[in-house]
Undergrad: 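Below are the structure tokens for one structure; questions will follow.
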Amino acid sequence: MTAQRLVIAGGSGFLGRAVSRHFAAQDWDVVIVSRSRPPVPTPGRWVAWDALRQGGWVQELDGAAALLNLAGRTVNCRYTAQNMLDIYTSRLDSTRALGRAVASVDRPPAVWLSSSTATLYRDARDRPQDEASGEPGVGFSVDVATRWEAALQEGVLPHTRRVALRTAMVYGVGAGGVMETTDRVVRLGGAGPMAGGGQMVSWIHERDFCRAVQFLIGTPLSGAVNVTAPQPLPNADFLRAYREAWGVPLGVPSTAFLIGLGAAVMGSEPELLLKSRWVVPGRLLGEGFTFEHPSWPEAIRDLVREARQVGHAVR
């Protein structure tokens with residue numbers, strides 16, 4: 001029997017490598033389509049593309065079971081005019097290039113899963129935001145997400161179901177992952193409540209993200225899907241559990257002013273830490289998806305055990 005093929009666009013980073021390992025372990029034919037090779041050994045084949053023009057990579061989509069788009073410049077930067085332009089173009093141009101490619105092949109993938117972001121919803125401190133009743137926010141990052149999802153829906157693709165993955169921060173062990181930065185802050189004692197710690201934190205364990213991708217390939221869902229753990233929690237509780245997992249008794253609290261200064265020094269934006277993201281996976285739960293790691297205290301204990309065993313640099 002011929003192995004099912006998964007094409008991962010922009011798949012050389014932390015998340016793409018995690019998905020590659022997950023599907024390769026189940027004997028899928030995994031193809032990473034990206035500007036550069038993964039920086040560490042990763043299962044699957046690598047095919048070059050520039051995230052813009054059509055080329056030989058397009059043929060990898062012919063007969064593929066699924067396409068996963070992870071391409072896009074990181075938003076962990078200062079929102080200068082050039083960086084904002086790069087964030088827009090890296091997402092919109094690559095998505096449109098993939099849409100043209102899907103339309104051009106004889107046997108297009110049955111499903112196209114494309115990254116979006118849970119930050120599309122407003123700063124919510126009163127109630128959770130699901131796909132049915134959630135309210136969009138305002139500002140640059142929300143506009144990026146809205147345009148990104150609109151680009152996914154452009155064009156007529158009668159044989160391809162399209163899903164926008166409104167993903168929360170994905171926590172996992174590996175080079176380039178968010179834990180490379182957050183672990184250092186926690187272990188140095190700098191992870192006390194931020195700006196009071198009342199803002200909600202939505203998150204998802206790396207393995208549940210990979211399992212959700214596979215689940216969505218096999219279900220009829222289309223449109224926007226929140227890919228987040230079902231138990232978001234306040235920033236203060238999130239960081240307390242993180243510290244406890246590493247055995248760090250105390251964390252220095254920080255004000256919004258200090259967070260703004262720190263973000264400027266680190267070349268980032270305070271919104272990434274201060275916005276309240278109270279996002280829940282209504283459609284995944286409604287369709288019967290079961291999370292292996294629904295609770296943050298258990299999830300971070302699992303991840304810290306893995307980090308102690310293998311270290312960040314090897315995955």
Side-chain angles (χ1 to χ4, degrees), residues 2-13 15-16 19-20 22-24 28-38 44-73 85-117 120 131 143-167 209-210 212-227 283 287:
T2 303
Q4 296 187 92
R5 187 186 315 142
L6 171 65
V7 178
I8 309 175
S12 63
L15 200 50
V19 173
S20 296
H22 175 86
F23 279 83
W28 280 61
D29 175 21
V30 178
V31 181
I32 293 175
V33 178
S34 61
R35 295 178 183 271
S36 58
R37 293 180 182 273
R45 296 181 286 118
W46 173 74
V47 178
W49 81 320
D50 64 0
L52 182 62
R53 287 177 283 270
Q54 307 296 285
W57 63 271
V58 172
Q59 293 310 306
E60 299 293 345
L61 295 173
D62 195 0
L67 165 63
L68 172 63
N69 178 25
L70 300 174
R73 187 198 193 283
L85 178 61
D86 291 344
I87 289 169
Y88 275 121
T89 56
S90 66
R91 284 159 175 72
L92 303 185
D93 290 351
S94 60
T95 301
R96 288 167 178 150
L98 290 170
R100 293 192 297 271
V102 170
S104 72
V105 297
D106 294 332
R107 297 170 299 157
V111 57
W112 174 9
L113 308 168
S114 190
S115 289
S116 181
T117 172
L120 181 145
E131 300 92 339
D143 189 59
V144 170
T146 302
R147 292 172 184 258
W148 203 4
E149 292 189 5
L152 171 65
Q153 299 301 331
E154 291 176 2
V156 178
L157 302 175
H159 305 295
T160 301
R161 176 168 52 92
R162 289 175 271 193
V163 183
L165 306 175
R166 292 180 177 172
T167 307
F209 175 84
C210 296
V213 167
Q214 187 166 6
F215 181 82
L216 289 167
I217 289 172
T219 63
L221 290 179
S222 62
V225 175
N226 292 345
V227 185
R283 298 190 74 193
E287 198 67 21

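The residues of the chain are indexed from 1 along the displayed sequence.
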Undergrad: Under the side chain to side chain donor-acceptor pair (under 3.5 Å) test, which residues partner Ser34, sequence neighbours left out?
TA: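 Ser34: side chain to side chain donor-acceptor pair (under 3.5 Å) contacts with Trp46.
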Undergrad: For Arg35, give me all partners under salt bridge (charged side-chain N to carboxylate O under 4.0 Å, His left out), at least two apart in sequence or on another chain.
TA: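 In terms of salt bridge (charged side-chain N to carboxylate O under 4.0 Å, His left out), with neighbours along the sequence ignored, Arg35 is linked to no residue.
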Undergrad: Kindly state each residue pair satisfying side chain to side chain donor-acceptor pair (under 3.5 Å) with at least one member in residues 156-166, sequence neighbours excluded.
TA: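 Side chain to side chain donor-acceptor pair (under 3.5 Å) check on residues 156-166 returns Tyr121-Arg166, Glu149-Arg166.
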Undergrad: My understanding is that only residues two or more places apart in sequence, or in another chain, count here; which of them pass side chain to side chain donor-acceptor pair (under 3.5 Å) with Arg5?
TA: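 If we apply the side chain to side chain donor-acceptor pair (under 3.5 Å) test to Arg5, skipping adjacent residues, the hits are Asp29.
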Undergrad: Can you name the closest pair of heavy atoms from Gln54 and Ala97 and give their distance?
TA: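 For Gln54 and Ala97, the tightest heavy-atom pair comes out as NE2-O, 3.1 Å.
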Undergrad: Would you indicate whether the side-chain heavy atoms of Ile8 and Phe23 approach each other to under 4.5 Å?
TA: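 Heavy-atom side-chain distance check fails, nothing below 4.5 Å.
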Undergrad: Tell me whether Glu131 contacts the main-chain N or O of Arg283 through its side chain, where contact means a donor paired with an acceptor under 3.5 Å.
TA: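 Here the side-chain-to-backbone pair exists.
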Undergrad: According to salt bridge (charged side-chain N to carboxylate O under 4.0 Å, His left out), who are the partners of Glu154, at least two apart in sequence or on a separate chain?
TA: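 Scan of Glu154 (salt bridge (charged side-chain N to carboxylate O under 4.0 Å, His left out), adjacent residues dropped) gives Arg96.
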Undergrad: Restricting to non-hydrogen atoms, name the atom on Trp112 and the atom on Leu98 that form the minimum distance, rounded to 0.1 Å.
TA: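 Heavy atoms of Trp112 and Leu98 come nearest at CZ2-CB, 3.7 Å.
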Undergrad: I'd like to check Pro38 versus Ile32 (side-chain heavy atoms, cut-off strictly below 4.5 Å). Are they in contact?
TA: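 A side-chain contact exists here, since the closest heavy-atom pair is under 4.5 Å.
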Undergrad: Suppose we screen for salt bridge (charged side-chain N to carboxylate O under 4.0 Å, His left out). Which residues come up paired with Arg53, at least two apart in sequence or across chains?
TA: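 Listed in chain order: Asp50.
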Undergrad: Salt bridge (charged side-chain N to carboxylate O under 4.0 Å, His left out) with Arg91: which residues, sequence neighbours excluded?
TA: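 Salt bridge (charged side-chain N to carboxylate O under 4.0 Å, His left out) list for Arg91, sorted by chain: empty.
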Undergrad: Atom CG of Leu216 and atom CG of Leu221: how far apart are they, to the nearest 0.5 Å?
TA: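 These two atoms lie 6.0 Å from each other.
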Undergrad: With sequence neighbours left out, what residues match Ser114 under side chain to side chain donor-acceptor pair (under 3.5 Å)?
TA: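 Result, side chain to side chain donor-acceptor pair (under 3.5 Å) vs Ser114: Asn69.
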Undergrad: CG of Leu6 to CG of Leu67: how many Å apart, nearest 0.5 Å?
TA: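 Output value for this atom pair is 8.0 Å.
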Undergrad: Kindly state each residue pair satisfying ring-ring contact (aromatic ring centres under 6.0 Å, His included) with at least one member in residues 49-68, sequence neighbours excluded.
TA: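 Sorted result for residues 49-68: Trp49-Trp57.
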Undergrad: List the atom of Val163, the atom of Ser222, and the distance in Å for their closest heavy-atom pair.
TA: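 For Val163 versus Ser222, the nearest heavy atoms are CG2-CA, 4.0 Å.
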Undergrad: Can you list every side chain to side chain donor-acceptor pair (under 3.5 Å) pair that touches residues 97-107, not counting sequence neighbours?
TA: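 For residues 97-107: Asp62-Arg107.
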Undergrad: Do you know which two heavy atoms are closest between Ala65 and Gln4, and how far apart they sit?
TA: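 That closest heavy-atom pairing would be CB-OE1, 3.9 Å.
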Undergrad: Do Leu68 and Leu165 come close enough that some side-chain heavy atom pair is under 4.5 Å?
TA: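 Yes, at least one pair of side-chain atoms sits under 4.5 Å.
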Undergrad: I need the minimum non-hydrogen distance between Ser12 and Ser36, along with the two atoms involved.
TA: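 Here Ser12 and Ser36 meet closest at CB-O, 3.4 Å.
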Undergrad: Holding to side chain to side chain donor-acceptor pair (under 3.5 Å), I want the full list of residues that pass it with Glu60, two or more places apart in sequence or in another chain.
TA: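 Arg45.
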Undergrad: Measuring only between side-chain heavy atoms, which start at C-beta, is Trp28 closer than 4.5 Å to Val19?
TA: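 Contact flag for Trp28/Val19 side chains = no.
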Undergrad: Rounded to the nearest 0.5 Å, how far apart are CG of Leu120 and CG of Asp143?
TA: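 It is 10.0 Å, given to the nearest 0.5 Å.
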Undergrad: Sequence neighbours left out, what passes ring pair (Phe, Tyr, Trp, His ring centres under 6.0 Å) with Phe209? Give chain and number order.
TA: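 With sequence neighbours excluded, Phe209 shows a ring pair (Phe, Tyr, Trp, His ring centres under 6.0 Å) to no residue whatsoever.
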